Amino acid sequence: MSEFPTQARVVIIGGGIMGASTAYHLAKLGWKDTIVIERHKLTSGTTFHAAGLVGQLRSNANITQLLGESVKLYKTLEQETGLATGWKMNGGLRLACNEERWTEVRRQATTARSFGLEMHLLTPREALDLWPLMDISDLVGAAFLPTDGQANPSDITASLAKGARMHGARIFEDTDVTGFKVENGRVTEVQTSRGTVQCEIVVNCAGQWARELGAKVGVNVPLVSVEHQYMITEQIAGVTSSLPTLRDPDRLTYYKEEVGGLVMGGYEPNPIAWAADGFPDKFNFQLLGSNFDHFEQLTELALGRVPALATAGVKELINGPESFTPDGNFILGLAPELDNYYLGCGFNAFGIAAGGGAGKVLAEWIVGGEPPYDLSPVDILRFGRNHQDVNWVRSRTLEAYAKHYTIAWPSEEYKSGRPLRRSPLYDRLKAQGAVFGEKLGWERPNWFAEAGEDAADHYTFNRPNWFGAVAREHAATRDAVSVFDQTSFAKFALVGRDAADALSIISAANVHKPVGSLIYSLMLNTHGGIESDFTAARIAQDEYYLVCGTGAATRDFDWLRRHIPDGMDARLLDVSSMYSTLSLMGPEARHVLEKLTRDDVSNAAFPFGTWRTLHIAGAPVRALRVTYVGELGWELHIPVEFAATVYDALMQAGQAFGIRNAGYRAIETLRLEKGYRAFGSDIGPDHTPYEAGLGWLLKMKSGLPFIGREALEKRRDAPLRKKLVCFTVDDPSVVLLGRETIYRNGERVGWVGSAGFGHTIGKPIAYGYVRQPEGDVTDEFVLSGAYELDVATTRVPAKAHLKPLYDEQRTRILG
Ligand SMILES: Cc1cc2nc3c(=O)[nH]c(=O)nc-3n(C[C@H](O)[C@H](O)[C@H](O)COP(=O)(O)OP(=O)(O)OC[C@H]3O[C@@H](n4cnc5c(N)ncnc54)[C@H](O)[C@@H]3O)c2cc1C
């Protein structure tokens, strides 16, 4: 082993698959001064006992691409390093045993097609041909992904480690990281059992220990350990080395071949948390005691599928702890608490499948200073204040674990750890039939049940039970007036002498507007991709009030904070908890306000795109004349202690105008008709404003500098490779949920981002990018095509639109 260094550019902590993969990719990118520090031996944490299944399909295109990168790497790594990985591309089978599951599988097949991954639907007999040991008496159908496979986790890691060394990285085993020195928001020194290393960048790849390690420097890593078991059998007649991996979600189990026998594991509905009170010392190359009693529920289910298990000898029941997260996805990226502390951990029992690709994108992220493509589903910034209490994290994580193989219903909500963050109106709304959803711990009304209706979601792939209620709320907003409780919005104050100049650098729209102005804008990255959309109210010469999406609270704060230019006098404060937000929306909104305030709310005195302080029912209210539903309306930002009083007054004054409570599912159907973009599904870091149809808001002509400007200047006159297009389907019974494949003249050109039903136009609506990697997606190109959407493997005709489906002239909102 080489001498322990006193200095390294990058220090990676953890010698599991993720640490090895990150080191390999960093070194390959030329960052040779990279070291891996492992407490014991490589793979000795969780990696050595993984089962080794490698699946690729996820519900997000980029994460599917990332898993595809793993497969690409595992195929070729042996050639490069001379060390085998055990990679076998035997394909993966997925079974469906009831009609709802079959619909899910068919929708997954459509998703796979959308993302360019091969996935075939099979009859039970065809599935049997691939996996002759199974009982197919309860099968409705199956799906086969020919490029899935399996690998040997320890061998891959050894091969990656060798590759890392070949490219110049160094690995130090038997070395414990014990502490850090932090100066000015950066880790400058990593302290270990063998000495201290000065460094530029730290990467926490410590698996299930990542949370404890992060806590040493105040970095919150929301993951917990959960026991996970699989059984290894003796040889079974008929089990061949070419057997595909098998997932049997209705029986909660998975299988792979191993030395002529089977590995069978699964996800129990009652998972067992591990090490809740801390980790035992020296837990390396160790397993937990086999828990046959707990595993029996899975064995029983498995026997029904693979009768040969009844007589097969059991070699071992492996019980290994693994890190799981509250949303079932892993964690990458730069920790918001520090400026040079990256994370690569929390792999939810798919770290072998993800390790190759995750190490690659993390290395590119570190070298490039930004993710290579939109990785927000796995970015540490997706978490928020609710993820700081480990007890809460554990209860939500156990629920996510238990749901691993249950049907992923459209619009499904978690149940655990609720209610947590409540608006002051929560009890009032609940008493009026509110059915809540949850985002970042916030309870948000999704829809309102009337007397006699069941105030609960009943999930289905068809029309759900809330369809009628949402139609009611939608109609009330279009024809009368509704109140939406949007208290969960993230709200920031940007204050200081240079607030305008600082925001101007970050904002793609012009924010140098008079006090009283309201500006819809975007934050862009250096490629011109959209990092966030937000509304800015100019409160004073030296103050802005910024309203951001609920789910973007951490991410947007982080982006703003990091991009305020050095030396400028501009401070960012999170004021989310100071204000409740009630959106009063609909043609009668002004009439309601007029009954409650002496302030002038006429169009002349209070036009669209401005804000004023209104005095409503004794409360000083920041009223923003803006809309996300396409109607006349105001977002009322109310100091929380006044919120209930203002709400009661609005409902009382609104009675004469047919006022209703309305929820987030109505917001969604209303904004789809109006063509307003949703961050995450319609817009994001991979899309520019030109591609998203938001070029109108850019301050290109102003000459003012802003992040992303140079990239946009280059792209302004270049061919558009993709464009966001709206689609409608004439058949109202078609249920669009997102990820449907878009075909233009019979050719696959993209997939649907957001989708739903437009209750005013009476049709299903979808938005998706039409792509032409080599061409120019002009308006003419879009409108001249004949379109179909692939919905659960059935193609339905669709019509493309480039203009809003509702109120194109904006007369409803400007009046
Ligand atoms: C029973 C079971 C079956 C599984 N099956 C599959 C499967 O089929 N497919 C799949 O894709 N995934 C599977 N997994 C998941 C997979 O094993 C993990 O996701 C993966 O191994 C995680 O790798 P890692 O590098 O993040 O963590 P680890 O392998 O745990 O590596 C972290 C390393 O950090 C070191 N470390 C911690 N603290 C310090 C410190 N202070 N100083 C120095 N070093 C430190 C530890 O010693 C450890 O070696 C399974 C997991 C289990 C438990």
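Because only heavy atoms are used, hydrogens play no part in the values below, and waters and symmetry mates are left out as well, while side chains stay in. This is a predicted model, so every value here is computed, not measured. Note that ligands are numbered from 1 as they come in the structure, with each ligand's atoms numbered from 1 the same way.
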Would you say the side chains of [X] and [Y] form a donor-acceptor pair under 3.5 Å?
X      : Y      : result
Glu322 : Ser225 : no
Gln56  : Thr64  : no
Asn204 : Tyr341 : yes
Arg194 : Thr175 : yes
Thr47  : Thr157 : no
Asn60  : Gln65  : no
Thr192 : Asp176 : no
Glu399 : Ser416 : yes

N/O to N/O below 3.5 Å, does that happen between [X] and ligand 1?
X      : answer
Gly344 : no
Asn284 : yes
Pro321 : no
Gly320 : no
Ile13  : no
Glu322 : yes
Ala354 : no
Gly19  : no

Only heavy atoms of [X], strictly under 4.0 Å: list the atoms of ligand 1 that pass.
X      : answer
Trp209 : 30 (O), 37 (C), 38 (N), 46 (C), 48 (C)
Gly52  : 6 (C), 7 (C), 8 (O), 9 (N)
Asp176 : 40 (C), 41 (N), 42 (N)
Gly45  : 30 (O), 48 (C), 49 (O)
Tyr230 : 1 (C), 2 (C), 3 (C)
Met18  : 25 (O), 26 (O)
Ala353 : 10 (C), 11 (O)
Gly15  : 33 (C)

Of the choices [options], which has the non-hydrogen atom that lies closest to [atom]?
atom                    : options              : value
atom 23 (O) of ligand 1 : Thr175, Ile37, Thr47 : Thr47
atom 46 (C) of ligand 1 : Glu38, Lys282, Arg39 : Glu38
atom 28 (P) of ligand 1 : Ile17, Thr46, Val263 : Thr46

Ring-ring centroid check [X] [Y], cutoff 6.0 Å:
X      : Y      : result
Phe324 : Trp274 : no
Phe285 : His49  : no
Tyr230 : Phe295 : no

For [atom], the protein heavy atom that lies nearest, with its residue and separation:
atom                    : result
atom 6 (C) of ligand 1  : Ala51 N, 3.6 Å
atom 1 (C) of ligand 1  : His228 O, 3.3 Å
atom 53 (C) of ligand 1 : His49 CE1, 3.2 Å
atom 17 (O) of ligand 1 : Ala50 CB, 3.1 Å
atom 9 (N) of ligand 1  : Leu53 O, 2.9 Å
atom 27 (O) of ligand 1 : Gly207 CA, 3.5 Å
atom 26 (O) of ligand 1 : Phe347 CD1, 3.6 Å
atom 34 (O) of ligand 1 : Gly14 CA, 3.2 Å

Going by heavy atoms, is His40 under 4.0 Å from ligand 1? no

Tell me whether Ala349 reaches ligand 1 (any heavy atom closer than 4.0 angstrom to a ligand atom). yes

Once side-chain contact (heavy atoms from CB on, under 4.5 Å) is applied, do any residues pair with Leu121, and if so which ones, sequence neighbours excluded? Trp102, Val105, Arg106, Ala109, Ala143, Thr793

Measure the spacing between CD of Gln229 and CZ of Phe292 and express it to the nearest 0.5 Å. 8.0 Å

Applying a heavy-atom cut-off of 4.0 Å, say which part of Leu213 lies close to ligand 1: side chain, backbone, both or neither. side chain

Residue part near ligand 1, for Phe48, under 4.0 Å between non-hydrogen atoms: neither

Sole residue of Leu334, Leu375, Thr554 in side chain to side chain contact (heavy atoms under 4.5 Å, CB included) with Leu381: Thr554

Below 4.0 angstrom, N of the basic side chain to O of the carboxylate: do [X] and [Y] qualify?
X      : Y      : value
Glu118 : Arg113 : no
Arg9   : Glu200 : yes
Lys28  : Glu80  : yes
Arg39  : Asp174 : no

